[in-house]
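A short write-up of the structure that comes next.
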Amino acid sequence: VTQDTGTSVAVERARRFADDVVRPAAATIDAEGRMPREVMEAMAAEGLICPSLPKQLGGHGLNPVDAGLVTEAIGRACCSTRTIMTIQDALVGQTLMRWGSETHQRHLPDIAAGRRLAAFALTEPEVGSDARGITTRYEADGAGFRLSGRKKWITFGGIADLFLVVATGDDGPSVFLMERDAGGLVTEPMEGLIGNRGTHVAEIRLDATPVVAGSVVGRLGGAFPFVAGSALDNGRYSVAWGGVGIIAEATDLMCRRALERHQFGAPIADHQLIRGLIGDAKTSLHASRALCLRAGELRAAKNPQAVVETTMAKVFASRAANRAAADAVQVFGGDGCSSRFPVERLLREAKIVEIIEGTTQILTSEIAKNALREAAPRPRPGKR
Ligand SMILES: Cc1cc2nc3c(=O)[nH]c(=O)nc-3n(C[C@H](O)[C@H](O)[C@H](O)COP(=O)(O)OP(=O)(O)OC[C@H]3O[C@@H](n4cnc5c(N)ncnc54)[C@H](O)[C@@H]3O)c2cc1C
């Protein structure tokens, strides 16, 4: 796997867009706690809201590797802005492409153009990692269903027009496509977040919200491992690249600072312990990107190993992002602890990538389960 396959025009354009539009807006997005309409519109004009969707639907038609490199480029500049892609493209757009009916897929051009925003609503106040234990219920009601329950931590939940809601009922956990104005839906913004402050995270209350029978995405009872399972796998791939973006930005910022800042009569880059931090960050950048590239190639080849490779990439990159961001703060010294310097935001954002789309602990357990399955002795043919 090459380290940098980003020679495609789309990747180069995304990098320029990140430098010209996204990075200059990042501190304000964080401070004001909202995503400016102009950023969303500029992303849509570049086809960057849903880069994986086909061009005729308003996407960029990118293969998983290029989509990943584009996600890294935007994620370097601003985590909240990268999250637009994670939700609109990975969790919702690709899910509707794969599992949605023709009626569901009619929403895709609006989602890709940012005219309608979507959210993915799985987590609840009492149910996080143990996602199959959700309590939000669907009940059959005439030709359709009614949804009742509470959802928490729903990214873009505060402003989304459409929701993929995971609810359980007689046929088991299922995914529904629901409009904000369906009735019986209340959203409440969640304040005081450590990061992703521009992503309108909200709690959601559903009080016998009516949805038509055709709102079921995939089949009834098909949330796990199918519809919600594949959405989370796509989300994990996107977040893993977001982690790479954080490491790339942290490495770049710490190198520049180490060359500029002088102590003891020399640039701090001359001090070996600072070099150690830089060397570690650069190594973890390349290792994380290599894992993501490998996962991307397997995804492009539709290789079943892609799921576990994606999981490993997410665990590794998100952990490495926390280390690199913390080390970048260290290189900046006191300035690193101030919101006037971007490394302070990187450190806060890095924590989130270790928690969303499956925590490090849950995903590491999944990797171990896979390894143990592979290592288990296979019954020899003819033996019982
Ligand atoms: C900024 C942000 C945005 C989010 N956006 C969305 C969204 O758009 N949609 C959505 O549905 N959800 C969203 N989430 C929720 C996120 O997916 C959950 O927070 C995550 O899955 C963890 O669930 P939890 O917070 O309930 O933690 P818990 O499940 O309560 O876990 C708490 C701790 O216990 C550990 N733990 C739990 N079980 C085990 C186990 N079996 N073995 C070892 N350790 C374990 C976890 O790793 C964690 O460290 C978001 C969260 C954040 C912070």
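As the structure lists them, so they are numbered: ligands from 1, and atoms in each ligand from 1.
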Under 4.0 Å from a heavy atom of Ile154: which atoms of ligand 1 are those, numbered in the order shown and with their elements?
7 (C), 8 (O), 9 (N), 10 (C), 11 (O)
Please check this pair: side chain of Glu309 against backbone of Leu291, looking for a donor-acceptor N/O pair closer than 3.5 Å.
no
Are any of the protein's heavy atoms under 4.0 angstrom from atom 19 (O) of ligand 1, yes or no?
yes
Within the protein, is there a heavy atom lying under 4.0 Å from atom 29 (O) of ligand 1?
yes
To the nearest 0.1 Å, how far is atom 44 (N) of ligand 1 from its closest protein heavy atom, and which atom is that?
Gln361 CB, 3.5 Å
Quick one: which ligand 1 atoms are inside 4.0 Å of a heavy atom on Ile355?
19 (O), 20 (C)
Looking at Arg256 and Glu260, does any basic side-chain N land under 4.0 Å from a carboxylate oxygen?
no
Please verify the inter-ring angle class for His271 with Phe264; under 30° counts as parallel, over 60° as perpendicular, anything in between as tilted.
perpendicular
Any donor and acceptor pair, going by atom type alone, linking the side chain of Arg146 with main-chain N or O of Arg137 inside 3.5 Å?
no
Closer than 3.5 angstrom, by distance alone: can the side chain of Ser288 be matched with the main-chain N or O of Leu285 as a donor-acceptor pair?
no
Do protein heavy atoms approach atom 35 (C) of ligand 1 to less than 4.0 Å?
no
For the backbone of Thr86 and the side chain of Thr83, can you confirm whether one donor and one acceptor N or O come within less than 3.5 Å of each other?
no
Give me the residue, atom name and distance of the protein heavy atom closest to atom 26 (O) of ligand 1.
Gly128 CA, 3.1 Å
Among all protein non-hydrogen atoms, which one is nearest to atom 42 (N) of ligand 1, and what is the separation to 0.1 Å?
Ile362 CD1, 4.4 Å
What protein heavy atom is closest to atom 16 (C) of ligand 1, reported as residue, atom name and distance in Å?
Thr123 OG1, 3.8 Å
Quick test: of every protein heavy atom, which one is nearest to atom 3 (C) of ligand 1, and how far off is it to 0.1 Å?
Thr155 OG1, 3.3 Å
Among all protein heavy atoms, pick the one closest to atom 9 (N) of ligand 1 and tell me residue, atom and distance.
Phe120 O, 2.8 Å
Quick one: does atom 32 (C) of ligand 1 have a protein heavy atom under 4.0 Å from it?
no
Side-chain contact, heavy-atom cut-off 4.5 Å: Phe332 with Arg261?
no
In the protein, what heavy atom is nearest to atom 37 (C) of ligand 1, and what distance, to one decimal place, separates them?
Ser129 OG, 3.8 Å
N/O donor-acceptor pair under 3.5 Å between Lys314 side chain and Val353 backbone
yes
Within a distance under 4.0 Å of any heavy atom of Thr359, pick out the atoms of ligand 1 and give their elements.
22 (C), 46 (C), 47 (O)
Would you mind checking which non-hydrogen protein atom is closest to atom 25 (O) of ligand 1, with the distance to 0.1 Å?
Trp153 NE1, 4.6 Å
Quick one: does Arg236's side chain have a donor or acceptor within less than 3.5 Å of a partner on Glu357's backbone?
yes
If we ignore hydrogens and angles and just use 3.5 Å, is the side chain of Tyr237 paired with the main-chain N or O of Arg299 as donor and acceptor?
no
Determine, stepwise, if the pair Arg98 / Ser230 fulfils side-chain contact (heavy atoms from CB on, under 4.5 Å).
CA-CA 9 Å; Arg98 176 158 178 202; Ser230 75; 3.7 Å; yes
Among Val166, Ile356, Val92, Asp130, which residue places a heavy atom closest to atom 52 (C) of ligand 1?
Ile356
Answer yes or no: does an N/O atom from Leu122 fall short of 3.5 Å to an N/O atom of ligand 1?
yes
